[in-house]
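Following: one structure in structure tokens, then a few remarks.
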Amino acid sequence: MILIDGVDEVSESERPSVRRWLHELVDLYPRTFFLVTSRPSAVDTHWLAELDFTEFNLLPMTRHDIDRFVERWHEAVLSTLDEPDERQAVERCRDALSTTLRQKYDLYRLATNPLMCALICALHRDRLTHLPERRMELYAAALTMLLVRRDKEREIAAPQGLAPTEESQVQLLQRIAYWLIRNGRSEAAQTTAVRIIREKLPAMPHLAPPDRAEDVFNFLLVRSGLLREPSAGMVDFIHRTFQDYLGAKAAVETEDLDLLAESGRDDQWDDVIRLAVGHARDNERAYLLRKLIELGDLTADSRLRRRYHLLAAAALEHATTLDPAVRAAVNLRASALIPPATAVDAEELATAGDIVLDFLPGPDRLTPEQARATVMTIARIGGEAALDQLAHFKRVADRGVRQEVALSWPYFDARAFAQEILDGLPLDDLTLHLTDPEQIACLRLLDRIPHLFLRGQMLTTELVDVLAPERAHSLSVAPSSAVSITLPSLAPLRGLSRLAIESCDVITDLTMLGETSAVELSLQRLPDDVDLSFLARAANLRSLTLSSPHSIPLPTQPLSQVTSLTLEGVLTGTQIPDFAEAFPSLTSLNLHLTCQSYQSAVDLAPLQKVPRAQIDVTLVDGGKVHGLESLPAERVIVRHEGRGRQEGRSWTGRLRRFRT
């Protein structure tokens with residue numbers, strides 16, 4: 001497994017090189033699992049689709065996640081304390097923070113990010129439960145805590161001859177941060193950081209003379225809590241957020257407002273520009289926002305125009321005071337970008353935050369495509385106001401729109417979403433995706449349980465207990481391929497008619513599936529040594545779908561109850577296996593077989609032993625076919641498909657189709 005973290009931290013001009021490098025890696029190591037992370041705005045949707053990469057969004061933490069995070073953060077603190085009074089103080093702090101996060105919505109929204117949640121926990125304890133609510137104020141309080149109070153309260157003295165104040169440390173750190181931002185870098189050589197400090201020290205004689213620049217740098221590296229050494233001789237910020245906050249402050253102080261606005265075309269400057277609006281004075285703030293609007297108005301590139309205008313709208317959250325005319329101009333441009341038409345539009349529009357909700361129309365005036373993208377935008381913004389707005393879309397006639405509404409569940413508090421959205425949402429033709437244990441408990445609030453899709457290790461005894469009395473009818477399970485799991489007993493799910501399980505090769509024991517009452521069963525990625533004879537106990541089973549990356553697994557004991565069979569796997573020899581003995585009651589047989597060689601001469605004659613079945617055979621990478629003359633032409637279809645590699649890109653083409 002290879003993790004490539006933070007493609008967005010590579011400059012835009014270098015991302016094509018990273019993409020070519022990934023192509024080479026995938027070709028060289030085809031059995032390796034690659035995980036690539038990036039902010040959504042940094043790369044296009046399906047950036048690596050031709051390499052069969054699947055895309056996922058890392059969701060904001062839910063209220064359940066935040067509660068668990070706060071609990072564990074304080075548990076970690078408690079593990080370091082022995083004194084009863086200190087432990088009681090931390091426990092009171094934990095309980096108070098949980099209450100505060102539920103009462104103060106702005107603070108809760110910030111806590112959906114893991115870094116910010118940890119910062120809020122630390123500040124809450126450090127400031128004796130008194131927390132700032134705005135993002136800019138949180139960063140400022142964090143800097144004070146890290147740069148001054150931590151060492152002072154622990155009575156850790158500065159090195160001999162250095163007199164670091166909070167202001168002087170911020171001045172130096174922001175110059176390093178701004179150098180990194182201007183040069184499109186995420187880290188710098190330590191010699192560069194020392195040079196930047198040396199150039200600034202003549203203006204700061206109270207801190208240290210220029211010849212002590214290296215001592216000052218070492219002090220910042222060791223004591224500030226903001227810098228770290230990622231590799232020998234290099235330095236970076238512990239998190240990009242602090243780099244952007246400090247760099248934005250430096251840009252405003254050096255009056256680089258035009259440079260900030262021009263840099264709006266580069267997504268690496270997004271947070272810098274938004275935070276600069278917060279650092280700026282009233283006239284500077286108005287100038288920067290007007291400049292962003294002007295650049296958007298003048299460009300002929302529609303994508304760039306949208307970027308400038310959305311960036312201006314997103315920056316309004318930090319504009320505590322602003323000329324009303326400028327605010328109106330920003331809002332006017334934002335409203336022109338609405339409604340969104342695609343998933344990309346939705347992701348970009350949501351970056352502007354709550355302000356977008358004021359401009360989004362209801363479902364009556366939207367096409368189904370626009371309505372789905374609008375629902376995505378509302379979900380990505382999140383919060384109570386977004387939940388109210390989402391409720392308008394739950395009775396739309398178009399199934400795709402209602403399914404998008406259902407997919408929004410992970411973005412909101414689980415119970416609030418179940419009560420306000422799922423209650424009243426027609427669910428019969430929809431799929432509910434469960435990604436959080438808190439959602440399981442909320443299923444009891446629903447009048448009817450639709451098709452459920454479980455991702456990760458969600459199929460637990462607890463879930464079975466919840467679903468059993470509710471008579472769930474359809475269930476799909478996608479276990480994580482990174483962890484082996486054990487299936488609970490499925491016997492209580494008497495109302496289940498359809499069950500599908502992906503990644504069967506990570507399940508330690510499949511025999512529990514013999515207890516299923518499902519009529520339809522689909523098993524994907526079966527291990528090559530599995531014996532499916534345990535399915536003989538599944539008396540209701542009629543339709544069976546099996547998929548394996550290896551040879552086709554057949555039961556040693558006949559499954560006489562199965563009448564419809566679909567198989568996808570590898571044909572290891574040249575002869576089709578004998579299905580008649582393993583499945584004597586078949587009326588429908590669908591085979592999708594990958595041959596081991598283009599030169600394979602496949603013998604289909606054994607299929608004549610399945611006399612009553614409609615047969616559909618697809619041979620991938622197969623050569624000649626024998627035995628067609630022995631099969632009844634009115635019941636058999638045979639297809640050939642080819643796959644290969646050409647200039648590093650996969651291709652699939654239908655070579656020919658014929659009826660025997």
Side-chain angles (χ1 to χ4, degrees), residues 40-41 106 109 134-137 181 244-245 247-249 251-342 344-362 365-366 370 373-374 376-378 380-383 385-386 389:
S41 59
D106 288 344
R109 282 199 64 198
R134 295 180 61 248
R135 185 178 169 198
M136 297 288 291
E137 295 166 354
I181 292 166
D244 289 348
Y245 176 85
K249 191 170 187 296
V252 171
E253 289 182 3
T254 53
E255 299 183 347
D256 281 346
L257 301 181
D258 289 318
L259 173 62
L260 282 168
E262 291 283 354
S263 299
R265 64 177 57 244
D266 184 345
D267 59 76
Q268 290 203 65
W269 286 73
D270 284 0
D271 246 11
V272 181
I273 294 169
R274 293 168 67 174
L275 292 165
V277 169
H279 284 299
R281 291 168 293 194
D282 286 357
N283 60 331
E284 295 168 330
R285 183 178 295 143
Y287 179 87
L288 179 53
L289 290 171
R290 276 197 298 264
K291 190 69 175 179
L292 287 170
I293 291 172
E294 177 186 324
L295 289 169
D297 291 344
L298 294 177
T299 182
D301 185 335
S302 60
R303 185 174 180 275
L304 195 55
R305 181 185 311 116
R306 183 172 63 225
R307 160 167 274 285
Y308 278 123
H309 289 168
L310 276 177
L311 190 54
L316 285 183
E317 70 169 305
H318 299 306
T320 50
T321 58
L322 183 63
D323 182 342
V326 177
R327 190 182 296 275
V330 172
N331 289 341
L332 180 64
R333 268 62 171 194
S335 64
L337 302 172
I338 293 167
T342 66
V344 174
D345 291 346
E347 293 281 359
E348 292 187 352
L349 197 57
T351 62
D354 289 355
I355 184 176
V356 173
L357 296 174
D358 296 333
F359 302 110
L360 291 174
R365 293 179 288 144
L366 302 176
Q370 291 172 333
T374 299
M376 289 180 65
T377 303
I378 294 171
R380 292 340 179 245
I381 292 171
Q389 202 147 346

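When side chains are defined from C-beta on, Leu366 counts as touching Pro361, because their heavy atoms get closer than 4.5 Å. Side-chain contact between Arg134 and Thr320: present, with at least one pair of heavy atoms (C-beta onward) separated by less than 4.5 Å. Taking the side chain as every heavy atom from C-beta outward, His279 and Met136 approach each other to under 4.5 Å.
For the ring pair (Phe, Tyr, Trp, His ring centres under 6.0 Å) condition, no pair includes a residue of residues 300-339, sequence neighbours left out.
The line from CZ of Arg327 to OG1 of Thr321 is 8.5 Å long, rounded to the nearest 0.5 Å. Summarising the geometry, atom CG belonging to Leu337 is positioned 9.5 Å from atom CD belonging to Glu348; distances are rounded to the nearest 0.5 Å. The line from CG of Leu360 to CG of Leu349 is 6.0 Å long, rounded to the nearest 0.5 Å. Taken from OG1 in Thr377 to CD in Gln389, the straight-line distance is 10.0 Å, to the nearest 0.5 Å. Of the inter-residue distances, the one linking Asp258 atom CG with Glu255 atom CD reads 10.5 Å to the nearest 0.5 angstrom. Atoms CG and CD, on Leu275 and Glu317 in that order, are 8.5 Å from each other to the nearest 0.5 Å.
Between Asp301 and Arg265, no side-chain nitrogen of the basic residue sits less than 4.0 Å from a carboxylate oxygen of the acidic one, so the salt-bridge criterion is not met. In summary, Arg285 and Asp323 do not engage in a salt bridge, as defined by a charged side-chain N under 4.0 Å from a carboxylate O. Between Glu347 and Arg380 there is a salt bridge, since a side-chain N of the basic residue sits under 4.0 Å from a carboxylate O of the acidic one. A salt bridge between Glu294 and Arg290 is absent, with no side-chain N of the basic residue lying under 4.0 Å from a carboxylate O of the acidic one.
With Arg274 contributing its side chain and Leu311 its backbone, the two residues share no donor-acceptor pair below 3.5 Å. Distance alone, capped at 3.5 Å, is enough to place a donor-acceptor pair between the Ser335 side chain and the Leu332 backbone. At least one donor-acceptor pair under 3.5 Å links the side chain of Arg305 to the backbone N or O of Thr299.
Counting all heavy atoms, side chain and backbone alike, Leu322 lies closest to Val326 at CD1-CG1, 4.1 Å. Residue Ala248 comes nearest to Ala276 through the heavy atom pair CB-N, 3.6 Å, listed as atom of the first residue, atom of the second, then distance. Considering all non-hydrogen atoms of both residues, Ala315 and Leu289 come closest at CB-CD2, 4.1 Å.
Every residue two or more places apart in sequence or in another chain that forms a side-chain contact (heavy atoms from CB on, under 4.5 Å) with Asp345 is listed here: Arg306, Pro340, Ala341, Thr342. Not counting sequence neighbours, the partners of Leu257 by the side-chain contact (heavy atoms from CB on, under 4.5 Å) test are Leu260, Glu284, Tyr287.
Tested against Val356, the residues Ile338, Thr374, Ile378 include a single side-chain contact (heavy atoms from CB on, under 4.5 Å) partner, Ile338.
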